[in-house]
Protein chains: 2
Amino acid sequence: MSTTPSISAGQTAPVTPSPQLTPFEAQVVEVFTDLVQLLGLPKSVGEIYGLLFATAEPLVFAEIERKLDLSKGSVSQGLRTLRELGAIIPADPELDLGGTHSGLETPRATRWVAVVELRRLLGSLLRERLVPYIKRQDQRMLAATQSLIAAEPDLTSASLKILQSRLSKLETWQARASTVLPLIGKML
Amino acid sequence: MSTTPSISAGQTAPVTPSPQLTPFEAQVVEVFTDLVQLLGLPKSVGEIYGLLFATAEPLVFAEIERKLDLSKGSVSQGLRTLRELGAIIPADPELDLGGTHSGLETPRATRWVAVVELRRLLGSLLRERLVPYIKRQDQRMLAATQSLIAAEPDLTSASLKILQSRLSKLETWQARASTVLPLIGKML
DNA sequence: TGCAGGTTTCAATTAAAATTGAAACGGTGG
DNA sequence: CCACCGTTTCAATTTTAATTGAAACCTGCA
């Protein structure tokens, strides 16, 4: 499976050593490491997703570890994150059903595949990251409003007016976000 | 090191010192530090914008520095970022027009105000961050496609099919993004 | 019960940002 | 030309986040 590796001299891959990756895999991995950093996730998460995206067959833990030259810790953590985001799924349904039908069954490793449907990815991103964020902000806005009320006597009425209008603007943003985002999630 | 932060004797304010801020200001600042970290910008940028958002009158460099207890460097860098994002503007139009009509004019400091219109903020965020990002990704996708073509002989035709379909899916994402985002920008 | 992969945990380490502060840079009025 | 004020620059530092690797933890099997 490995194309002739070890680029050796010539083009030293600079930032991304990509030791065990084909050029194609390396390119795709780069696409996703970049995307993932835009989203504020660790690079390793992008590498793992990128590798799975660039690979037709499912991969197991150990292959990911080897091809990307990552530690077990990173792979474990990265797979967990991607699983939680719904960006990867086990290739084999959880079935135990077939029974213990062979002698050479060692507890086989989970084989992972990338979820490549944009709607699913965006959907869970919204659900997992934006929605909790908005919840947090709602709390904060409430607190801010109360602080403003408490401060009232200390402000000129002109300032108060302005600040009130800004706060209400913020609340509008919030409201818009918390109605629009779930909607988008549904629409995808 | 420090497993436990070792509270020791210091009465130094802990995580959120907010030394010179009213409770209201502190709350609003928190809202924006959080938002800004979601966007992958430095915290200080959120603090500065939050302070300006929470203040009815324009503020000058020195006041920001003092109220947020930031270094000159951070304030300068933060103001620059916010300016570039179109999130703040000078309160006083750049006018020199009136002429040098007074004797007590020291080179006055720029007074900054927050831009509070969501559409403007989102618009420039799209323009300044997402659009350049998409440009970069376009490049990468091209490279990836070429790599795949180059690798063709090394792949089973089944794998090749799958990878080609994934790539084209990626390209679709890209295309959608690069048409939809500018559109959104306009619509705001 | 013991063993053998496979995976997770978590303190220590390393890498990556962000922040600082001192020095340099205008530009303006004296 | 000089001295001053507001601002920017940038190397050094600090802070924060990601990565590592060894040990613990399953779980099914013999």
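In what follows, every heavy atom counts, from backbone to side chain, and hydrogens, waters and symmetry copies are set aside. A note on names: the letters A, B, ... follow the listed sequences, proteins ahead of strands, and every chain is numbered from 1.
Closest to the Lys43(B) side chain, of the nucleotides dT8(C), dT19(C), dT7(D), is dT19(C). Checking dT19(C), dT8(C), dT7(C) against every side-chain atom of Ser76(A), the shortest atom distance belongs to dT8(C). Nearest nucleotide to the side chain of Ala109(A), out of dA18(D), dT20(C), dG6(C): dG6(C).
Using modelled atom types and a 3.5 Å distance limit, the side chains of Asp138(A) and Gln174(A) yield a donor-acceptor pair. No hydrogens or angles considered: nothing links the side chains of Gln139(B) and Arg136(B) as a donor-acceptor pair under 3.5 Å.
Ionic pairing of Glu57(B) and Arg111(B) is not present here: no N-O contact between side-chain nitrogen and carboxylate oxygen is shorter than 4.0 angstrom.
Between Arg111(A) and Val45(B), the residue anchored nearer the 5' end of DNA chain C, judged by the nucleotide with its closest heavy atom, is Arg111(A).
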Detail all sub-3.5 Å separations between protein N/O atoms and N/O atoms belonging to nucleotides 21-24 of chain D.
none

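Val115(B) and Leu52(B) fall into different hydrophobic clusters, where Ile, Leu, Val, Met, Phe, Trp and Tyr residues are linked whenever their side-chain heavy atoms come under 4.5 Å apart, directly or through other members.
Atom CD1 in Ile64(B) sits about 11 Å away from atom P in dT8(D), given to the nearest Å. In this structure, Leu70(B) places its CG atom 18 Å from P of dT14(D), rounding to the nearest Å. What separates CZ of Arg108(B) from C1' of dT7(D) is a distance of 15 Å, to the nearest Å. Whole-Å rounding puts the Glu63(A) CD to dT7(C) P distance at 11 Å. Taking atom CZ of Arg66(A) as the reference point, atom C1' of dT20(D) lies 19 Å away to the nearest angstrom. As a whole-Å value, the separation of Trp112(A) CH2 from dT8(C) C1' is 13 Å. Counting to the nearest Å, the P atom of dA16(C) and the CD atom of Gln37(B) are 19 Å from each other. In this structure, Leu39(A) atom CG and dA17(D) atom C1' are separated by 17 Å, rounded to whole Å.
The shortest heavy-atom contact between Trp173(B) and Val116(A) is CZ2-O, 3.0 Å. Heavy atoms only, all atoms of each residue included: Val113(A) and Ala91(A) are closest at CG1-CB, 3.9 Å.
Distance alone, capped at 3.5 Å, is enough to place a donor-acceptor pair between the Thr156(B) side chain and the Ser159(B) backbone. Side chain of Thr55(A) to main chain of Leu51(A): a donor-acceptor pair is present (N/O by atom type, distance under 3.5 Å, no hydrogens or angles).
The only member of Val36(A), Leu35(A), Leu82(A) that meets side-chain contact (heavy atoms from CB on, under 4.5 Å) when paired with Leu41(A) is Val36(A).
Of the residues in residues 77-88 of chain B, not one places a heavy atom less than 4.0 Å from an atom of DNA chain C.
Checking the phosphate oxygens (OP1, OP2) of dG6(D), no side-chain nitrogen or oxygen of Thr110(B) falls inside 4.0 Å.
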